[in-house]
Enquirer: 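Mind looking over this structure? Questions follow.
Residues: numbered from 1 along the sequence shown. As the structure is a computational prediction, the values presented were derived from the model and not from experiment. Both ligands and their constituent atoms are indexed starting at 1 by order of listing.
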Amino acid sequence: MGKAILAIDQGTTSSRALVFDTEGKQLGLGQQEFTQHFPNNGWVEHDADEIWATTLASCEAAMNAAKVQAEDILCIGITNQRETTVVWDRSTGAPIHHAIVWQDRRTSDYCAELKQQQNTVSDIQSKTGLLLDPYFSATKIRWILDNVPDARARAERGELAFGTVDSWLLWKLTGGKSHFTDATNASRTMLFNISSQSWDEDLLSLFEVPASVLPEVKDCAADFGTTEPPLFGASIPITGMIGDQQSAAFGQGCFQKGTAKSTYGTGCFLLLNTGTDVLKSDNQLLSTVAYRLKGEPAYAIEGSIFMAGATMQWIRDGLKLIDEAGASEALAEQTGDDLSVYLVPAFTGLGAPYWDPDARGALLGMTRDTGIKEVVTAGLMSVCYQTKDLVEAIAADGAQLSTLRVDGGMVKNNYVLQKLADVLDAEVHRPAITETTALGAAYMAGLHQGVFDSLDAIAAKWQLERAFTPQSNADWRSRQYAGWQDAVARIRSQR
Ligand code: ADP
């Protein structure tokens with residue numbers, strides 16, 4: 001009987017692996033960064049072979065750090081950067097092109113063209129829960145098939161396979177035996193009907209993607225195959241698979257309708273569980289599969305912000321106002337209650353709920369006595385206000401959030417979490433384990449292997465480290481938020 005679970009957390013800038021014991025305690029970590037390729041303006045690529053090599057090396061490092069052998073590992077769970085698209089040759093296992101990363105905008109003209117077609121946007125939204133955007137995999141697959149010589153013909157002959165990063169890693173781990181994905185990753189391709197839980201023929205033909213390239217879609221906890229023995233020295237079952245933001249929500253125990261988590265890393269992703277209902281957003285949020293177990297999907301509504309921790313990186317590296325992001329907390333504490341300076345970090349446009357790619361950043365409300373601490377504080381506050389924008393959009397769509405569970409590198413900052421509670425007028429809870437993305441994948445794999453009996457058993461493991469309770473009054477809240485809304489209105493693009 002083994003005693004550990006290996007979670008692979010394949011991210012946008014680094015590949016990571018964590019070993020957990022069967023209680024969910026972290027035993028070891030391995031991590032490797034890999035190359036970002038920017039071959040053109042707005043293009044972002046990864047070398048899929050490098051993704052695989054760094055993942056494998058991270059697994060070995062995590063196992064060494066945890067002092068476990070392959071025989072000690074009960075199962076593997078995979079979580080991954082979503083939407084990023086890999087197409088490879090089924091016989092050689094070689095990618096036919098670099099992976100096109102979720103951030104890549106090369107298909108934006110094509111998306112704009114499609115938006116002119118009547119009903120396309122609404123059909124896509126009602127089937128997939130998504131907005132027609134280059135972000136998702138469908139137009140990226142089409143681009144590869146149309147731009148790599150002979151690719152389309154080879155795809156039609158069944159010689160090529162498509163996968164998001166989960167499928168690609170699974171293929172490599174199983175030596176080409178498994179070509180599967182899970183319902184959460186499938187839900188980000190813009191080819192998957194989230195209500196019927198099947199690939200959609202109309203969307204396949206709209207985006208000119210032959211069905212022969214697609215992986216089979218499984219539950220998140222399922223038999224995905226076993227690792228090739230030479231890789232780790234023994235064959236290990238792979239029994240969990242879930243996209244990264246969904247995995248963080250799973251690791252945070254967001255199983256009940258109305259529970260929500262927000263991850264504050266480079267950007268911010270907020271997911272609220274909507275239970276067995278697909279909540280169609282009228283406010284430019286995404287509907288997505290939160291997880292699927294025993295054929296039963298649970299859904300979530302999702303909002304994403306481009307600049308959260310990245311705003312602090314800009315303040316640190318661009319403006320050089322602070323030496324490290326952590327220094328922002330003490331400075332903000334000195335600012336006091338006058339928060340009349342607003343920083344709108346629309347450096348790459350605005351994400352949800354505005355989806356305004358042409359908006360640009362601004363610093364507003366300065367007076368002669370505005371100094372470093374006010375600007376730093378405005379940077380931190382921008383994260384709170386942007387979250388409020390998401391929560392307002394969620395409320396307008398008819399869902400309520402009472403408590404927000406938070407994770408990600410930025411949640412070390414107590415000032416941000418207190419102000420977040422104040423701005424939202426909601427409890428903000430920071431868990432004892434903030435490695436929730438990897439933990440979610442480990443829970444998923446362990447659930448299938450019987451390490452955990454039920455979702456209740458997993459939910460019971462969640463431990464509060466600190467609760468932040470609203471201390472603001474209604475006047476302050478409405479004044480501060482009105483100031484933010486005014487600042488955003490000034491920088492929105494006119495188009
Ligand atoms: P990612 O996984 O997206 O790379 P992380 O979850 O590791 O990001 O979080 C790192 C981000 O959090 C960085 O952008 C950094 O600026 C920010 N950050 C880290 N510590 C703090 C802090 N104490 N206060 C504010 N921001 C912080």
Enquirer: Any nitrogen or oxygen of L380, main chain or side chain, under 3.5 Å from a nitrogen or oxygen of ligand 1?
Expert: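 No, no N or O pair falls under 3.5 Å.
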
Enquirer: Give the atom numbers and elements of ligand 1 that come within less than 4.0 Å of a heavy atom of A310.
Expert: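 Atoms satisfying the 4.0 Å criterion: 14 (O).
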
Enquirer: Take T436 and D407 through the side chain to side chain donor-acceptor pair (under 3.5 Å) test and state the conclusion after the steps.
Expert: CA-CA 7 Å; T436 53; D407 52 67; 3.1 Å; yes

Enquirer: Answer yes or no: does an N/O atom from T266 fall short of 3.5 Å to an N/O atom of ligand 1?
Expert: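 Yes, since at least one N or O of T266 sits under 3.5 Å from an N or O of ligand 1.
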
Enquirer: Is the side chain of D166 donor-acceptor paired with the backbone N or O of N80 at a distance under 3.5 Å, no angle test?
Expert: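 Not confirmed, D166 side chain does not pair with N80 backbone.
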
Enquirer: Which atoms from ligand 1 have a heavy atom of Q313 less than 4.0 Å away?
Expert: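 It comes down to these atoms of ligand 1: 13 (C), 14 (O), 16 (O).
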
Enquirer: Does this structure show an ion pair linking D182 with R292, if we count only N-O contacts that are shorter than 4.0 Å?
Expert: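 No, no charged N to carboxylate O under 4.0 Å.
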
Enquirer: Backbone N or O of Q480 within a donor-acceptor pair of the Y342 side chain at under 3.5 Å?
Expert: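 Yes; at least one donor-acceptor contact below 3.5 Å.
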
Enquirer: Would you mind telling me if ligand 1 is within reach of the side chain of S328, the backbone, both or neither, using heavy atoms under 4.0 Å?
Expert: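 The answer is the side chain.
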
Enquirer: Which ligand 1 atoms, with their elements, are less than 4.0 angstrom from a heavy-atom of G265?
Expert: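 Going through ligand 1 atom by atom, the ones under 4.0 Å from G265 are 3 (O), 5 (P), 6 (O), 8 (O), 9 (O).
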
Enquirer: Do me a favour and list the nearest non-hydrogen protein atom to atom 24 (N) of ligand 1 with residue, atom name and distance?
Expert: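 Atom 24 (N) of ligand 1 sits closest to the protein heavy atom N413 ND2, 3.0 Å.
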
Enquirer: Do S328 and N413 come close enough that some side-chain heavy atom pair is under 4.5 Å?
Expert: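 Side chain of S328 against side chain of N413, heavy atoms only: contact under 4.5 Å found.
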
Enquirer: Which ligand 1 atoms are under 4.0 Å away from a heavy-atom of M312?
Expert: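 Answer for ligand 1: 16 (O), 25 (C), 26 (N).
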
Enquirer: Does atom CG of N41 have more than 12 heavy-atom neighbours from other groups under 6.0 Å away?
Expert: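 Atom CG in N41 is not packed in, count stays at 12 or less.
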
Enquirer: How far is atom 10 (C) of ligand 1 from its nearest protein heavy atom, and which residue and atom is that?
Expert: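 Ranking protein heavy atoms by distance from atom 10 (C) of ligand 1, first comes G409 CA, 4.1 Å.
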
Enquirer: Around atom 23 (N) of ligand 1, find the nearest protein heavy atom and jot down its residue, atom name and distance.
Expert: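 Among all protein heavy atoms, the one nearest atom 23 (N) of ligand 1 is G326 CA, 3.4 Å.
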
Enquirer: Using the six-membered ring wherever Trp is involved, compare the ring planes of W355 and F306 and label them parallel, tilted or perpendicular (cut-offs 30° and 60°).
Expert: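 The arrangement is perpendicular - the two ring planes meet at more than 60°.
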
Enquirer: Main chain of R405, side chain of E427: is a donor-acceptor contact present, judged purely on distance under 3.5 Å?
Expert: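 No; zero donor-acceptor contacts below 3.5 Å.
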
Enquirer: Any salt bridge (charged side-chain N to carboxylate O under 4.0 Å, His left out) involving residues 45-66? Give me the pairs, sequence neighbours left out, ordered by first then second residue.
Expert: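 The answer is E45-R106.
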
Enquirer: Just going by heavy-atom distances, which of A308, A325, G11, A330 is nearest to atom 27 (C) of ligand 1?
Expert: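 Going through A308, A325, G11, A330 one by one, A325 has the nearest heavy atom to atom 27 (C) of ligand 1.
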
Enquirer: Do the rings of W43 and W143 sit parallel, tilted or perpendicular, given the 30° and 60° boundaries?
Expert: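 The arrangement is perpendicular - the two ring planes meet at more than 60°.
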
Enquirer: Considering heavy atoms of the protein only, find what lies nearest to atom 15 (C) of ligand 1 and give residue, atom and distance to 0.1 Å.
Expert: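 Answer for atom 15 (C) of ligand 1: G309 O, 3.9 Å.
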
Enquirer: Please write down residue, atom name and distance for the protein heavy atom closest to atom 26 (N) of ligand 1.
Expert: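 Nearest protein contact, heavy atoms only, for atom 26 (N) of ligand 1 is M410 CG, 3.3 Å.
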
Enquirer: If we count only non-hydrogen protein atoms and require a distance under 4.0 Å, does atom 12 (O) of ligand 1 qualify as touching the protein?
Expert: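 Given the 4.0 Å cut-off, atom 12 (O) of ligand 1 counts as touching protein heavy atoms.
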
Enquirer: For ligand 1, which atoms have a heavy atom of G408 less than 4.0 angstrom away?
Expert: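 In order of number, 6 (O).
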
